Each structure stands twice: as C-alpha cells, then as structure tokens.
Amino acid sequence: MFQLQQLSLTLGSHCVLNNITLTATQGEQIALIGPSGAGKSSLLRLLGTHHAPDSGELRLLDQNPWQLDRRPLQQLRSRIGMVYQAPPLPGKSRVLTTIAAGRLGRQSFAQSLLALAYPQDIAGIRAVLEQVQLADKLFVACDTLSGGQLQRVGLARVLYQAPDLILADEPVSALDPVLADKTIDLLTSAAQARRTTLLTSLHSVDLALKFFPRIVGIRQGQIQFDLPSSDVSPALLEALYAGESNEVETQLATSLPRGARC
Ligand SMILES: Nc1ncnc2c1ncn2[C@@H]1O[C@H](COP(=O)(O)OP(=O)(O)OP(=O)(O)O)[C@@H](O)[C@H]1O
C-alpha cells in the first residue's frame, strides 16, 4: 500500500522528518502519536503528496508519485482521502455539494461540473451524513456549521469518496470525548469494511490504543517505536512525550543552519 524507506523532509530550515522507514499493507490501520511538533502532520502531508521528500524512497499505491506526469498523479491523488483537523471546505457551499465533491477526482470534467451543479446521488450523500449524525444538515451552507460539525462533514466527504488510502490528521480534535469515540469507531469500521488502509494522527493516546492494532510513535521527526498496541507500555509513552513541544521545535530550529537539509 505504501512504503517509505529512509525518507527525510526539510521545510524551511527545519528538518521535520529524519530517516523515516515505514510500511503499510492494504487494509492496515495505524495510529500515529507523538508530541506537538513531532512531525505527524508533515508525514501525513508527505504521504498525501503535498510535500516531496528531500531524500529516501517513497512508494504509494505501487507508484512513485514524484515520477508521475500530471494526469496520473491526479489519478493517484483521487485514490487518497485526506481528513483534516480543520477541513478546508468552501464556506458558502452547501454540505450536499461539498460531499459530492469528494468523488470529483474520479470523474471527467463535464461529469464533475454536472455533479457540483446538480448533485444526483442525494440518497448516497444522505447515507454518509447519517453515519456522522448530520443528516439534517444536507442542504445547509458549510459556514453555518460548528468546528466539530465541519470536521464530521470532512469525514463524511472522505467516506463518500471511498478511497484506497485514508490519511486522517487529528480527525476528532474538535469533538467532545463521547462523539470522538463514536467517530473513530465509525472511521475504523468503515475502513475495515472496505479494506481501506488507514493512517490517523491522534493526540488522544487512549483512542489510539482502543481502536488501532498498530501504533507508531514519532518524536523530533523520527520514529521512536512501531508496535502492536498491546506492546505499547507506559514507559514508552512517557519517553515519547517527555519534555515540552517548544523544546522540540527549538532544538530542530537551532540544530540546522538556514537552508540546510536533513
Ligand atoms: N511549512 C513549514 N515550514 C517550516 N516548518 C514547518 C512547516 N510546517 C511544519 N513545520 C515544522 O515542522 C515540525 C513538525 O510539524 P508538524 O505539524 O508536522 O507536527 P505535528 O506532530 O503534526 O504537531 P501537532 O501535533 O502540534 O499538530 C514543527 O517544528 C513545525 O514547526
């Protein structure tokens, strides 16, 4: 499904990912945990092809995205679903249209225009909204929703897209604990039903251990452990989260000269 081999990423003058080796097979469900600034979002964005690595090898759905032309790269991206902490949804757009847009990458330009102007599959869109308990919001504009509701619309859009790989970055950060639990349950169940590979960053270690069979701990841009959840001990977690995130960022910022690479 994806393979990262000794991969490094520098953003600005920060070495944000350093020598990452990570593999996932089809249908695997992995939680990514670690302190703030550890590099979780950067790793997800790199897998989502928003960042190109400085060095190392990346295989994504059996392809190297950075060797593809524009059209095949677009097709590859349409097979990846990103769930964001704050989904970049167009405020004036209705929820119905926003969710219909989840499938645009798989359609022709003409089909896409038609689907946006006159969404056909209203029953299918309503069904995914029901899953995130927002069926009553089908026709409302996105800018009338709360942060937690927007997060769930973003998740519904990816469920509707039905991609081969879901990359979720803090998908429940705006939800209360009960709803967060239900939403991660839904995400993992939906992924399991379709054998979709799922990589999710989470600040809640409890949710990670409860729902994910495999846990990857990341700190200062490096993988600290990659273990079955049953093997993640309190000592490992203490070491992973030791110190302040500010300290981590300061160390990364000061350890490299401006413009340096990992
Ligand atoms: N565009 C950028 N330019 C320069 N540095 C960046 C950029 N994006 C992220 N960083 C830095 O990369 C490091 C990792 O950031 P990232 O957002 O991946 O961490 P994270 O583990 O997701 O943190 P959080 O849990 O707080 O969301 C941080 O030090 C951050 O300041």
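Since the structure is predicted, the reported quantities are computational estimates derived from the model, not experimental observations. For ligands, and for the atoms within them, numbers begin at 1 and follow the listed sequence. Excluded from the calculations below are hydrogen atoms, water molecules and symmetry mates; all remaining heavy atoms, backbone and side chain alike, are included.
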- Residue selection (non-hydrogen contact nearest atom 11 (C) of ligand 1) among Leu32, Val16, Asp169: Val16
- Message: For the residue pair Thr25 / Glu28, report whether a side-chain donor-acceptor contact shorter than 3.5 Å exists.
- Response: yes
- Task: State whether a side-chain donor-acceptor pair under 3.5 Å links Arg214 with Ser229.
- Result: no
- Given Gly37, Gly39, Ser41, which has its nearest heavy atom closest to atom 27 (O) of ligand 1? Ser41
- Less than 4.5 Å apart, any side-chain heavy atom of Asp121 and any of Tyr160? yes
- Query: At a 4.0 Å cut-off, with the gap strictly under it, does some heavy atom of His203 reach an atom of ligand 1?
  - Reply: yes
- Message: My understanding is that only one of Arg194, Gln26, Arg79 makes a side-chain hydrogen bond (donor to acceptor under 3.5 Å, both in side chains) with Asp164; could you say which?
- Response: Arg79
- Atoms in ligand 1 with a heavy atom of His14 nearer than 4.0 Å: 5 (N), 11 (C), 29 (O)
- Looking at Gly34 and His203, what are the two nearest heavy atoms and their distance? O-CD2, 4.4 Å
- Query: Would you say Lys40 has any N or O atom under 3.5 Å from an N or O of ligand 1, going by distance alone?
  - Reply: yes
- Between Ser201 and ligand 1, find which residue part has any heavy-atom pair under 4.0 Å and reply side chain, backbone, both or neither. neither
- Indicate yes or no: does an N/O atom of Ala38 lie under 3.5 Å from an N/O atom of ligand 1? yes
- Message: Looking at Leu179, is its backbone amide N or carbonyl O close enough to the side chain of Thr183 to form a donor-acceptor pair, meaning the two atoms are under 3.5 Å apart?
- Response: yes
- Query: Between the side chains of Gln6 and Ser55, does any donor sit under 3.5 Å from an acceptor?
  - Reply: no
- Message: Please work out, at 4.0 Å between heavy atoms, whether the side chain, the backbone, both, or neither of Leu11 comes within that distance of ligand 1.
- Response: both
- Query: Is there a heavy atom of Pro35 sitting under 4.0 angstrom from any atom of ligand 1?
  - Reply: yes
- Message: Regarding atom 16 (P) of ligand 1: of the candidates Ser42, Ser13, Gly221, which has the closest heavy atom?
- Response: Ser42
